[in-house]
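Notes to accompany the following structure.
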Amino acid sequence: MSGEQELGITESKEHSTGEWYAEVVQKAELADYAPMGGFIVTRPRGYAVWERIQDHLDGWFKDTGVDNAYFPMFIPESYLEREKDIVEGFDPEVAWVTHGGHDELEERLAVRPTSESIITPFIADWVRSHRDLPMRLNQWCSVVRWEATETKPFFRTKEFLWQEGHTAHADEDGAWDETMTRLDQYERLYEDVMAMPALKGRKPEHDKFPGAHTTTTIETLMPDGKSVQAATSHYLGTSFAEAFDITYADEDEEDQTAHTTSWGLSWRSMGALIMLHSDDQGLVLPPTLAPTQVVIVPIWQEDNKEEVVEYAADAAAELEEAGVRVNLDDRDNRNPGFKYNEWELKGVPLRIEVGPNEVEDDELTLVHRPDGENSVESRDDIAATVEDHLDTVYAKLYASAEETLEGEIREADSREEILGTIGQHGGYVKTGWCGDEDCEDPIKDALAAEIVMVPLDRDEEPLHDDCAICGDEAEETAYWAKTY
C-alpha cells in the first residue's frame, strides 16, 4: 500500500460511522489504543486539543472565584461508605487497590470514580465560619469507571480525563447560582469555542447524579442522530454536607449546614467535536482549538525554489508574530498534493498556497478546510486577512452544526410515534411524561433510546397533557434520544 493510501480515510462517515471515527482518531494522530482493553494513549496532537479546552474553561473558572487544587486518586473504602448513595451509584464502576507491593492493605482503596467523598471531608475541615464561604475548588485529573465495556476513544474509556469542581455555599440560592454559572460556562465553551450548538436541561430524577438534588446537563446532537451528554452541573443540596459534616457558624454564631455543588466536563467533549465536524477526508477542527491553525505550502520548481520558500517563510513569520499558530511545510520529500491531503487529514483549518504566481503578484491563495473554498488575497496585512478567514471557517462549522440540530427536535404523543420518529430520523423527540421511570422501559427495550433531559424550569408546563407512554397526566416534557 502506498503512503498516500495509508494516509487517507478509507471508511465512510455516513455508512460506517464507528469504523470511520476510529480511523480518524488514529490517522489524525489524536490517540492510539493502549495494551489494556478500554484504555487509550493520547498523542501530542490530541492532548494539544484537550489543553486548549482546558485553557478556556480554566480561565473562566478562575475569573469566577474558583481555585485549583489536587486530591489523591485513591479513596479509602470507609470514605465512600459515608455516603450510601455514592456506594449504591458507583460501586459496580469502582476499580479497587487491595495490595501495596506484596502486602495486603488493611483497607481497600478505590481508584476515584469521582471525588466528592475525598474532597468533601477536607472542605468540612476548612470551613468554619460564614466568612469561609463560598468555597470553590476544581481539579483537573483522571477518573476510572471500570464498567465501561463497549469503548470508543474519548467517548467512553475506562480511564478518562476531566475536570471536577466542588463548592460549598451558605444557602440554596448561592449553590443554585453556582450550578447555573458552570452550566452557562459549559454552554459557552460549546457555542463559542467548539462551534457546537447545545441544549440545556436537567436530568430526570432517576438519572441524576447519586446523592444530588438536581443534575443539569448540556446535550449536543451528532450527525447520526444520537445525543451526547456533553457536560453536567449538579446542585447537591445538603446531602453531602450532612454526610461529611460541612457546617459553618453564621453571623449569629449559630451552626448551619452548607449547600454544595459539583460540576464536570470530560474529554467526551473531544469525541463529540471530532464526530460532529470531521468528514471523509479526516479531522476537522475549529480554529479556536486547532494545534496548527494555518499551514503554508510553498510550490516550486528548481529554478524558483529559493524565491518561493523565502516568500512563504516571510508570511509565516508575520503570522507567527501576530499570534497565529502556523506551520511552514517546506519539506523536500513530499509533493504539494500529499501535503494538502496530510494537513486536511489532521484538521488544519486554513491552508495557504504559495507558488511563483503568488510571489510575482504579491498575493497568497487561501483554502478553507471544511469545504475547500479558496480565494486569492493580497500579501499586505496578511495577519488581519487570515484572522478574518479563520473567523469565517468557525462560522461555517457552527452553521453546519446548527443545520444538523435544526429540524431534529420533533414532537410525539404516543409510544408508537416515539419509536417511529427516532427509528426513522434519530434526533430528539419531545413528549409529555408522567415522571415515572417505568415509562422509559418500552423505548429503551425497543430502541435503546432514553430520556436525555427535561426542561430546567420545573414549573414549565408540559408539552402535552398526557404521558405519551402510559396516558396518565403529564408532569413535564421529556426529550428522548439515542445516546453515546
Side-chain angles (χ1 to χ4, degrees), residues 47 49-73 75 112-143 160-194 198 200 202 209 211-218 229-241 244 246-248 257-270 288-289 456:
Y47 199 80
V49 175
W50 177 241
E51 283 182 313
R52 297 197 178 283
I53 291 173
Q54 273 187 294
D55 288 346
H56 282 93
L57 272 182
D58 200 59
W60 300 340
F61 291 162
K62 288 171 180 172
D63 287 344
T64 48
V66 179
D67 293 312
N68 281 340
Y70 187 80
F71 291 80
M73 69 182 298
I75 302 174
R112 60 177 167 234
T114 182
S115 296
E116 275 77 8
S117 59
I118 189 69
I119 293 178
T120 311
F122 286 91
I123 292 178
D125 285 343
W126 300 338
V127 169
R128 289 287 178 265
S129 161
H130 64 92
R131 297 180 184 85
D132 300 320
L133 298 174
M135 181 172 287
R136 299 182 173 98
L137 303 176
N138 175 68
Q139 68 173 358
W140 294 92
C141 62
S142 69
V143 296
F160 54 90
L161 299 180
W162 77 348
Q163 59 75 211
E164 50 178 316
H166 301 269
T167 70
H169 304 263
D171 54 30
E172 178 178 351
D173 287 346
W176 182 251
D177 286 347
E178 177 78 18
T179 304
M180 296 310 299
T181 293
R182 304 311 156 197
L183 192 70
D184 289 344
Q185 288 176 334
Y186 294 142
E187 181 186 39
R188 178 184 175 190
L189 178 76
Y190 280 93
E191 299 265 351
D192 296 349
V193 177
M194 300 177 70
K200 288 195 298 187
R202 58 184 167 86
F209 181 79
H213 177 280
T214 302
T215 289
T216 66
T217 183
I218 295 287
Q229 179 182 293
T232 50
S233 184
H234 315 283
Y235 166 52
L236 302 176
T238 58
S239 60
F240 284 84
F244 293 94
I246 304 180
T247 58
Y248 66 93
T257 300
H259 292 247
T260 65
T261 77
S262 67
W263 25 275
L265 175 138
S266 79
W267 68 13
R268 180 182 293 175
S269 57
M270 285 180 57
T288 42
L289 296 176
L456 273 173

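Applying the ring-ring contact (aromatic ring centres under 6.0 Å, His included) test to His130 and every residue at least two apart in sequence or in another chain returns nothing. Residues passing the ring-ring contact (aromatic ring centres under 6.0 Å, His included) test with Tyr186: none are found, sequence neighbours excluded. Remark: Trp162 pairs with Phe160 by the ring-ring contact (aromatic ring centres under 6.0 Å, His included) rule, at least two apart or across chains.
In this structure a side-chain-to-backbone donor-acceptor pair under 3.5 Å is missing from Thr260 to Leu236. Between the side chain of Asp177 and the main chain of Gly174, no donor-acceptor pair closer than 3.5 Å is present. In this structure, the side chain of Gln139 engages the main chain of Phe71 through a donor-acceptor pair within 3.5 Å.
Tested against His234 for a ring-ring contact (aromatic ring centres under 6.0 Å, His included), the candidates Phe240, Phe209, Trp176 yield a single pass: Phe209.
Between Arg202 atom CZ and Ser233 atom OG the span is 14.0 Å, to the nearest 0.5 Å. Ser269 OG to Tyr190 OH: the interatomic distance, rounded to the nearest 0.5 Å, is 4.5 Å. From Tyr70, atom OH reaches atom CD1 of Ile119 across 10.0 Å, with rounding to the nearest 0.5 Å. Ile246 contributes atom CD1, which lies 10.5 Å from atom NE2 of His169 (distance to the nearest 0.5 angstrom).
Residues Phe244 and Pro121 share a closest heavy-atom pair of CD2-CG, 3.4 Å. When all heavy atoms of Thr167 and Leu137 are compared, the closest pair comes out as CG2-N, 4.4 Å. For Ala124 against Arg128, the heavy-atom pair with the smallest separation is O-NH1, 3.1 Å. Residues Ala170 and Tyr248 come closest through the heavy atom pair O-OH, 2.8 Å. Across every non-hydrogen atom of Ala175 and Thr261, the tightest pair is O-CG2, 3.3 Å. Counting all heavy atoms, side chain and backbone alike, Ala231 lies closest to Leu265 at CB-CD1, 4.0 Å.
In this structure, the side chains of Arg268 and Gln229 come closer than 4.5 Å at one or more pairs of heavy atoms. A heavy-atom distance below 4.5 Å is found between the side chains of Tyr47 and Leu161. Counting only heavy atoms from C-beta outward, the side chains of Trp140 and Asn68 approach each other to under 4.5 Å. Two residues are said to be in side-chain contact when any heavy atoms from C-beta on lie closer than 4.5 Å; Val66 and Arg182 meet this criterion. Using a 4.5 Å cut-off on side-chain heavy atoms (C-beta onward), Lys200 and Asp184 make contact. Taking 4.5 Å as the limit, some side-chain heavy atom of Met180 sits within range of a side-chain heavy atom of Leu456.
Neither side chain, Gln185 nor Arg188, offers a donor N or O lying under 3.5 Å from an acceptor on the other. One side chain, Ser115 or Glu164, offers a donor N or O that lies under 3.5 Å from an acceptor on the other. Looking only at atom types and distance, the side chain of Arg136 has no donor-acceptor partner in the side chain of Thr64 under 3.5 Å away.
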Original post:
Can you check side chain to side chain contact (heavy atoms under 4.5 Å, CB included) on Arg112 and Val143, steps first, answer last?
Top reply: CA-CA 5 Å; Arg112 60 177 167 234; Val143 296; 4.0 Å; yes
**OP:** Determine, step by step, whether Met194 and Leu189 satisfy the side chain to side chain contact (heavy atoms under 4.5 Å, CB included) criterion, reporting the C-alpha distance in whole Å, the side-chain angles of both residues, the deciding distance to 0.1 Å, and the verdict.
**Re:** CA-CA 6 Å; Met194 300 177 70; Leu189 178 76; 3.9 Å; yes
**OP:** Apply side chain to side chain contact (heavy atoms under 4.5 Å, CB included) to Leu183 and Thr179, showing your working.
**Re:** CA-CA 6 Å; Leu183 192 70; Thr179 304; 5.8 Å; no
Subject >> Stepwise side chain to side chain contact (heavy atoms under 4.5 Å, CB included) test for Val193 and Ile53 >> reply: CA-CA 8 Å; Val193 177; Ile53 291 173; 5.7 Å; no
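Ring geometry for His259 against Tyr235 counts as parallel: the plane angle stays under 30°, on a 0 to 90° scale with 60° as the upper cut.
Taking 4.0 Å as the cut-off between side-chain N and carboxylate O, Asp58 and Lys62 count as a salt-bridged pair.
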